[in-house]
Protein chains: 2
Amino acid sequence: MLAAAASLLNIDVVVLDVGEHTPAKQVVAPRAPSLAHIDGSFADSVKIRKLASKVDVLTVEIEHVDVGVLEEIEGKVPLGVHPSPFTIKTIQDKFVQKEHLRASGCPVSDFLPVESTVEAVKEAAERLGLPLMLKSRTLAYDGRGNFVVRDLKQAQEAITALGNRPLYAEKWVSFVKEIAVMVVRSREGEVISYPVVETVHKENICHLVFAPLRSRDPSIAERARTVAENAVKTLQGAGVFGVEMFLMADGSVYLNEIAPRPHNSGHYTIEACETSQYENHLRAILSLPLGSPALKVPSACMLNILGASSSMDEIREFAQFSLTVPGARVHLYGKSDCRKGRKMGHITLVADSDAELSKRLRPLLEHLPGGHDPKELELYAPLFPERGFSHRQPVVGVIMGSDSDLPTMLPAADILNHFKIPYELTIVSAHRTPDRLVEYARSAASRGLRVIIAGAGGRCSFACIVQMPRGIPVATVAINNGTNAGLLAVRILSAGQPHLVTAMDDYLKTLEKEVLAKVDKITEIGWDAYESARKARSG
Amino acid sequence: MLAAAASLLNIDVVVLDVGEHTPAKQVVAPRAPSLAHIDGSFADSVKIRKLASKVDVLTVEIEHVDVGVLEEIEGKVPLGVHPSPFTIKTIQDKFVQKEHLRASGCPVSDFLPVESTVEAVKEAAERLGLPLMLKSRTLAYDGRGNFVVRDLKQAQEAITALGNRPLYAEKWVSFVKEIAVMVVRSREGEVISYPVVETVHKENICHLVFAPLRSRDPSIAERARTVAENAVKTLQGAGVFGVEMFLMADGSVYLNEIAPRPHNSGHYTIEACETSQYENHLRAILSLPLGSPALKVPSACMLNILGASSSMDEIREFAQFSLTVPGARVHLYGKSDCRKGRKMGHITLVADSDAELSKRLRPLLEHLPGGHDPKELELYAPLFPERGFSHRQPVVGVIMGSDSDLPTMLPAADILNHFKIPYELTIVSAHRTPDRLVEYARSAASRGLRVIIAGAGGRCSFACIVQMPRGIPVATVAINNGTNAGLLAVRILSAGQPHLVTAMDDYLKTLEKEVLAKVDKITEIGWDAYESARKARSG
């Protein structure tokens with residue numbers, strides 16, 4: 001993906017990897033013999049030196065490299081090595097990384113170094129509690145290298161599973177969500193960040209990424225970006241950094257880990273943002289102006305395509321199925337072999353609302369190679385609820401002060417049903433539930449609501465609302481006309497969802513037809529007969 | 001671009017082109033010797049046969065190919081040749097193309113075959129009038145092969161300029177805009193189309209493409225798509241077709257030409273649509289499900305990067321400059337030499353409104369290699385107007401029944417100025433200019449308006465509007481409070497432009513601060529002194 005971004009800018013890329021037809025090499029045919037790729041391991045110092053001799057800038061897409069060689073060649077590559085060897089060294093040992101972050105004042109959970117003995121694990125559990133997160137300090141990737149010790153009887157199992165490598169233990173963080181921010185740092189030290197995303201892991205491997213993060217607390221997004229940017233500022237070198245964090249129930253944020261490179265949680269940026277993480281990585285390391293990280297679509301997600309077995313056919317069939325889903329773009333990586341848990345590609349989905357995104361995501365989850373967990377469908381891709389219940393991802397809130405307003409407000413819900421708009425309907429009383437009202441208003445935008453239809457009883461409301469003070473605009477739609485409130489909500493939404501303009505046109509044409517049919521009827525049967533029939537109908 | 005789309009789907013591509021490092025060959029490194037590219041001309045029958053022997057499906061990206069060979073091999077390639085040789089043959093001779101379209105009932109302007117003599121050109125001019133569009137029947141591309149004869153004295157010059165090739169003449173079409181639609185046809189005959197775009201040519205070469213088309217007449221888009229789809233249905237074979245049309249002042253549409261392949265007017269689809277024209281071309285010729293052609297951004301344009309001279313540096317510098325523009329994605333094609341008029345790459349721009357797009361486009365036009373025409377800046381990238389004048393690309397319309405409403409409505413304009421929202425302000429009276437009112441309402445959405453703030457004088461309006469009939473929702477914001485009307489418009493827009501949510505938060509925080517400052521002041525100086533000072537201020 002980095003190579004594809006480079007080709008759009010006519011930047012030549014030389015790839016060091018084992019094999020002749022590795023994914024990156026498939027999309028970069030060297031334009032001259034001097035740009036020929038190198039067949040070798042990124043751990044092979046001879047090959048790294050050879051690569052360094054051919055390029056103006058050297059960048060690394062995996063942190064498990066030989067830092068000694070990078071330090072040695074750093075001064076010899078005209079534009080340097082990015083991320084800097086210092087940063088890679090700090091990050092590739094997770095215990096050193098955590099110490100660095102804690103020393104720099106970043107919010108991290110408590111942690112300890114641990115010897116690879118049952119005794120040491122027990123001691124760590126005494127200090128940090130159970131469950132205990134036991135991790136390899138090095139060579140961890142895609143969930144390999146993590147073990148959750150829930151019972152001390154698992155201590156030996158954990159040590160063995162982690163391959164007897166150097167370990168450390170982290171206090172278990174009972175997060176409500178995992179979140180991530182891609183941060184870009186230029187060679188000149190400018191730091192910008194992408195929107196906060198929610199990441200979902202399955203068996204410790206990234207499974208889903210949702211952008212942007214929705215939350216009840218509107219301050220979380222800015223806070224998480226600040227934490228992520230500050231963490232990256234403590235490191236050196238240019239490029240993109242993937243910052244993974246934990247979001248706690250009280251709204252606080254813990255740093256988990258930093259990846260000093262384009263990251264799986266930023267793949268969605270290719271289709272969903274004004275500049276992709278890959279292009280911004282190139283811009284950063286080449287001293288080109290950094291690009292806007294803004295989302296260009298209302299809602300996006302990324303679904304990894306993981307091998308379920310060694311079968312390539314399963315992957316192909318799934319990729320082909322995904323072509324039936326609107327807004328899906330498939331990225332297959334051109335890997336030659338498939339195996340369980342291997343990242344074979346991903347799908348980016350875009351949509352004009354979270355609810356539409358869910359609708360598109362659901363069949364993809366259902367068809368995933370290796371099957372799916374029905375619970376995850378309900379969590380991450382809920383269906384439109386049955387009539388009479390609120391959607392979990394509403395864009396419209398229909399609220400009223402009392403259940404006695406229901407008869408007035410239900411016609412608004414009927415209209416929203418008609419236009420398939422996801423909405424919630426509930427009671428929020430300014431006088432009887434003032435705290436709830438404040439929380440509802442404050443969280444509305446960050447939860448994804450775009451329109452609130454508020455029903456107010458009592459004569460006074462009408463005169464009040466049209467005389468709201470300057471600065472606080474509220475519009476009165478109608479007295480006893482929930483239908484029109486629903487229709488106005490649809491019209492407001494159409495400012496951001498152009499297909500609703502067409503849907504509204506169709507609706508109005510139906511109304512027009514109904515009236516014109518009445519015109520014909522009056523002409524046909526005369527107005528006396530017509531009025532008698534009308535009276536009889538309206539009972 | 002087709003090869004890049006193929007690589008995302010792990011589809012192997014073999015390229016026939018002259019040279020080893022041509023643009024497509026740079027991004028497809030064959031995964032096996034049998035997939036090696038072919039070095040040769042697309043007019044060389046031996047090379048075409050060689051290509052055909054290596055592939056499951058053969059597609060053509062330029063229509064000036066040897067159709068005889070394609071016909072011969074058509075049955076031998078498992079999934080056939082697309083577009084079909086019949087279609088290429090029909091299209092590569094523009095006179096035959098026009099005859100085919102006219103015979104199929106497609107709307108084309110009058111045309112005649114013309115011998116390459118001054119006498120014949122004169123005769124054609126007598127029948128079709130001046131100016132006369134004289135065209136080569138074959139081998140025309142990027143404006144080469146067209147000559148506008150404005151005066152019969154130019155007849156010999158035209159014949160010479162067109163290289164003494166077979167000619168035909170077209171009746172001059174005095175269009176108001178050139179428009180285009182990309183149409184996709186599957187092997188099974190399913191036909192879908194992309195949004196209508198406006199195309200702008202400079203010296204007969206595509207210069208700019210704007211998506212979607214804005215027009216006063218809301219029916220044009222659907223009509224143009226129908227014309228384009230019907231034209232493609234008269235042809236054979238699968239793939240993407242670029243249909244170029246003329247839009248007349250009366251709203252009618254003429255077909256100009258059809259390109260049986262991905263087309264310059266569809267490049268914008270890579271960043272702006274749910275499925276790119278390239279991916280849909282592949283899907284069509286491979287019997288994969290066609291992808292959604294819907295726009296995923298509110299506004300997009302494409303700017304070609306044309307060589308201004310033989311200087312590559314000019315191109316590089318311009319590409320680098322474009323990285324400073326938010327929403328711009330550069331595509332350089334990796335061509336080895338530059339020359340005047342050669343397509344070296346393009347830039348896709350996306351934005352959340354036409355006005356924002358213009359703001360982004362303007363510096364790009366100003367920095368184009370080879371300079372620019374100041375008139376084109378005003379036409380295609382107008383600045384925000386001075387205070388007190390309407391924007392040419394408004395998203396809000398502020399209208400009032402009479403100029404006496406101005407004092408009430410100007411505060412709404414002030415708010416829109418504050419939030420940098422493009423708007424227009426004008427008089428539309430339901431009673432005194434009823435036709436204008438109808439036209440204004442009908443054209444609002446297709447012109448790009450998302451909100452209308454209507455000021456109504458007279459006591460009655462208030463009671464009327466809250467009692468509008470069911471089906472016709474209009475909201476009353478306030479009595480004598482244009483500020484709140486402006487603010488509500490901003491809130492409505494924020495349903496589709498999330499950055500306005502943040503801007504509105506900042507505005508409300510300022511209001512809050514102002515009130516809190518007053519709280520402090522009252523505490524500090526006491527309410528008697530405070531009230532005296534307030535009275536003195538408000539005069």
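In what follows, chains are A, B, ... by sequence order, proteins preceding strands, each numbered from 1. All values reported here derive from a predicted model rather than from experimental measurement. Computed from heavy atoms alone, side chains included, the values below leave out hydrogens, waters and symmetry copies.
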Could you state the interatomic distance from [atom1] ([X]) to [atom2] ([Y]), rounded to the nearest 0.5 Å?
X         : Y         : atom1 : atom2 : value
Glu274(A) : Leu349(B) : CD    : CG    : 9.0 Å
Glu222(B) : Thr502(A) : CD    : OG1   : 8.5 Å
Leu286(B) : Gln320(A) : CG    : CD    : 9.5 Å
Thr324(B) : Leu290(A) : OG1   : CG    : 12.0 Å
Asn481(B) : Ile472(A) : CG    : CD1   : 10.5 Å

Interchain contact, [X] with chain B, by part (heavy-atom threshold 4.5 Å):
X         : answer
Glu279(A) : side chain
Asp352(A) : neither
Ser276(A) : both
Leu511(A) : side chain
Pro218(A) : neither
Thr275(A) : backbone
Pro498(A) : neither
Leu508(A) : side chain

Which one wins on heavy-atom pair count under 4.5 Å against chain B: [options]?
options                                    : value
Glu20(A), Arg316(A), Gln26(A)              : Gln26(A)
Asp505(A), Ile492(A), Leu332(A), Ile415(A) : Leu332(A)
Ser7(A), Gly471(A), Pro326(A), Ser292(A)   : Gly471(A)
Gln497(A), Met468(A), Arg360(A)            : Arg360(A)

> Nearest heavy-atom pair of Val330(B) and Leu9(A): which atoms, and what distance?
Replying inline: CB-CD2, 3.9 Å
>> Show the nearest heavy-atom pair for residues Leu488(A) and Ala475(B), with the distance to one decimal.
In response: CD2-CB, 3.4 Å
Pick whichever of [options] has the most heavy-atom pairs under 4.5 Å with chain A.
options                                    : value
His21(B), Lys296(B), Arg470(B)             : Arg470(B)
Pro473(B), Gly496(B), Ala445(B)            : Pro473(B)
Val474(B), Val501(B), Leu493(B)            : Val474(B)
Met1(B), Glu271(B), Lys25(B)               : Glu271(B)
Arg450(B), His331(B), Arg329(B)            : Arg329(B)
Ala489(B), Ala272(B), Ala485(B), Pro469(B) : Pro469(B)

> Would you call Val27(B) and Val28(A) a side-chain contact if the rule is heavy atoms closer than 4.5 Å?
Replying inline: no
> Where the side chain of Arg283(A) meets the backbone of Leu323(B), is there a donor-acceptor pair that is under 3.5 Å apart?
Replying inline: yes
>> Need one label for Ala3(B): side chain, backbone, both or neither, based on atoms under 4.5 Å from any heavy atom in chain A.
In response: neither
